[in-house]
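Since the structure comes first, as structure tokens, the remarks are kept for the end.
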Amino acid sequence: MAERNKLSKDQQRYVINPTELASYKNHLAAIFDSMSEDALTPWSALFKLKVWVLGPVDLKKEASSSVAITYSEVSTQPMARQTQYQVWFDSRVFEKLNDKDKAESILEGFLTSLYTFKNLSNNELCDLVKEAHPGSECTLSISKGADDEKMVQKAKAVKRTLTPTVYRKALVQEDYNNIRRVKAYILQQGGNLRHADLIVKMTESGFDERVFSLKMKTAGEAKDPSIMEGEAIESLFAQAKALDKTQAICHYLQSATQAGCEVAAQRTREEVPGSGIQQVLLSLTVKESEVKDVLLSEVVYQVPKIKVAKYSDLATKEEFFLVPLTGVSMNERVVGASYRMNYLLAVKAVVNKTEVIKLEGVLSVPGIVTKVTQDESKGKVLCEGAMATLKDKSTDVVVIAKSDKYLGSLKEIMKGLSPIPPCW
């Protein structure tokens, strides 16, 4: 697979991991988590099957060796091209996009890469898996989905199509239409996307079905560092409880103002009705010191495992975490209803020569419900949301902390963010 890594030294410095881009974290990470819930391998692991390059590259110059070329809606210049083993993005076109459009372009590039794997034989695809994930075993098997009749029928179809008949063929308009149809479906479903339904949609749209059954096992693979669980979560929630009756500063990111705040925090245990299971809840109430009205009043669950987002501070390069909190589900599920998505802001610290997770503050992002749909299969009302328009402090992004550290980075992270409504 020498072609996969056939890059000059100058080109190598533009190699990226798309899942580390802010636009992916803000708009795609939650969707990919949902897609991966019942998958044999996390969908995000498939990014590595091709080398991604983001730099000031002349895409037209190499067009003849491409299997796919895509254009930006804001330019007549090509934005991305793909060879059989590489994805090239022209940064001069890509950087003109807003955060959400960047994420959609990454998603289209990802789907295009999966679609073009039909050009590879079984052996070539397995060789690619082993090179992209050193130490992996490539197992092309049928995904288990016996509880889903549509999934079973599509799985049977996979068996009949494991050996592709097309070799190194460039995409035609019908292929691009198939890719964009699946892209639109994924964006429409958002965090409610089910792995089995996605497989059905992709199979109907001519994707290479083998990617659904790729099972990549890496010997000695470390735990996903972006997963927080056990003692780390317990420690963070205990530190959040310790905020009770403390003074902090409310930093309003969009209006660039601040005020002294009083924090109240309570941690309780409640039994889930009829189950005998105890659930831990944390309630946070925040108000400005000189104001009667409450700014923030939220109740969240302490779940056993949380997918966290890691960032590097723009100024200090220090790593910090945003730990999303699962709030109580919304009762009023109508367009225009307001809500807040809350995060614990945390860093790694060393105390008595031991590395610990330290709580630095709380980030609260205001959202508004933009779309409500009835999911008959799940028997509930689902919601889509967006960042609330700034009107006053009640609709501002607020960081409750004792210092202004990380504010610059958080402002950048907030650009284009769409907080997910708690319509569980």
Side-chain angles (χ1 to χ4, degrees), residues 17 19-20 22 24-26 28-30 32-34 36-37 42 44-45 191 218 220-244 246 248 263-270 272 277-286 296 298-313 316-328 340-365 398-403 405-407 409-410 413-414 417 419-420 422 424:
N17 177 355
T19 64
E20 292 297 321
Y24 175 89
K25 293 177 179 178
N26 290 340
L28 297 177
F32 271 73
D33 286 347
S34 179
S36 302
E37 199 165 297
S44 57
T218 303
E221 190 170 38
K223 278 188 176 181
D224 185 345
S226 60
I227 296 292
M228 190 171 288
E229 55 188 327
E231 292 181 5
I233 291 179
E234 174 63 27
S235 172
L236 274 181
F237 273 74
Q239 292 177 67
K241 167 62 177 71
L243 295 174
D244 189 41
T246 61
V263 181
Q266 296 296 322
R267 201 170 174 213
T268 59
R269 291 181 180 273
E270 295 184 7
V272 179
I277 299 173
Q278 293 283 327
Q279 59 186 10
V280 180
L281 294 92
L282 175 72
S283 61
L284 284 172
T285 303
V286 181
L296 177 69
E298 298 286 331
V299 177
V300 298
Y301 296 98
Q302 181 176 327
V303 296
K305 184 182 293 186
I306 303 176
K307 178 85 171 181
V308 305
K310 296 196 300 183
Y311 301 92
S312 294
D313 184 58
T316 66
K317 305 304 179 185
E318 181 182 0
E319 187 176 73
F320 65 93
F321 306 89
L322 287 181
V323 184
L325 299 177
T326 303
V328 176
R340 279 187 172 269
M341 183 68 192
N342 302 294
Y343 304 80
L344 296 180
L345 172 62
V347 297
K348 287 182 179 179
V350 177
V351 178
N352 297 326
K353 297 183 180 181
T354 301
E355 188 176 77
V356 298
I357 301 295
K358 180 184 175 185
L359 181 65
E360 288 285 325
V362 178
L363 168 68
S364 184
V365 184
V398 61
V399 180
I400 302 100
K402 292 187 176 181
S403 75
K405 201 173 181 180
Y406 309 114
L407 292 190
S409 296
L410 291 173
I413 293 169
M414 290 303 102
L417 183 70
I420 300 172
W424 323 124

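Values in this document were obtained by computation on a predicted structure and should not be read as measured data.
Without hydrogens or angle criteria, Arg340 side chain to Ser364 main chain gives a donor-acceptor distance under 3.5 Å. No donor-acceptor distance shorter than 3.5 angstrom exists from the side chain of Asn342 to the backbone of Gly327, with no hydrogens or angles considered.
The shortest side-chain heavy-atom distance between Leu344 and Val362 falls under the 4.5 Å cut-off. For the pair Leu363/Leu322, a side-chain contact is recorded, criterion being any heavy-atom separation below 4.5 Å from C-beta on. Contact of the Leu282 side chain with the Val299 side chain is not registered, since no non-hydrogen atoms from C-beta on lie closer than 4.5 Å. Residues Ile357 and Leu236 form a side-chain contact, since some pair of their non-hydrogen atoms from C-beta on lies under 4.5 Å apart. For the pair Phe321/Tyr343, no side-chain contact is recorded, criterion being any heavy-atom separation below 4.5 Å from C-beta on. Side-chain contact between Lys348 and Val356: absent, with no pair of heavy atoms (C-beta onward) separated by less than 4.5 Å.
Of all heavy-atom pairs spanning Met341 and Ile420, the tightest one is SD-O, 4.0 Å. Considering all non-hydrogen atoms of both residues, Gln239 and Leu359 come closest at OE1-N, 2.9 Å. Contact between Ile306 and Pro324 at its shortest, heavy atoms only, is CG2-O, 3.6 Å. Between Ile413 and Asn26, the shortest heavy-atom distance links the atoms O-ND2, 3.0 Å. Taking all atoms of both residues into account, the shortest heavy-atom contact from Pro304 to Ile233 is O-CD1, 3.5 Å. The shortest non-hydrogen separation linking Phe237 to Tyr301 is CZ-O, 3.7 Å.
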key: Full working for salt bridge (charged side-chain N to carboxylate O under 4.0 Å, His left out) between Glu20 and Lys310   = CA-CA 9 Å; Glu20 292 297 321; Lys310 296 196 300 183; over 6 Å; no
task = Would you sort out whether Thr326 and Val300 count as a side-chain contact (heavy atoms from CB on, under 4.5 Å), showing the intermediate values?
result = CA-CA 5 Å; Thr326 303; Val300 298; 5.9 Å; no
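For Lys358, the salt bridge (charged side-chain N to carboxylate O under 4.0 Å, His left out) partners are Glu360, not counting sequence neighbours. Residues that satisfy the ring-ring contact (aromatic ring centres under 6.0 Å, His included) test with Tyr311, not counting sequence neighbours, are Phe320. The side chain to side chain donor-acceptor pair (under 3.5 Å) search around Thr268 returns none, not counting sequence neighbours. With sequence neighbours excluded, no residue forms a side chain to side chain donor-acceptor pair (under 3.5 Å) with Ser44. Thr19 is linked by a side chain to side chain donor-acceptor pair (under 3.5 Å) to Asn17, counting only residues two or more places apart in sequence or in another chain. Qualifying side chain to side chain donor-acceptor pair (under 3.5 Å) partners for Glu234, counting only residues two or more places apart in sequence or in other chains: Arg267, Gln302.
Atom-to-atom distance recorded for Met228:CE and Lys305:NZ is 13.5 Å, nearest 0.5 angstrom. The CG atom of Leu284 lies 8.0 Å from the CG atom of Leu325; values are rounded to the nearest 0.5 Å. Here CG of Leu410 is found 12.5 Å from NZ of Lys405. Values are rounded to the nearest 0.5 Å.
When only modelled atom types and interatomic distance are considered, Asp33 and Ser36 share no side-chain donor-acceptor pair under 3.5 Å.
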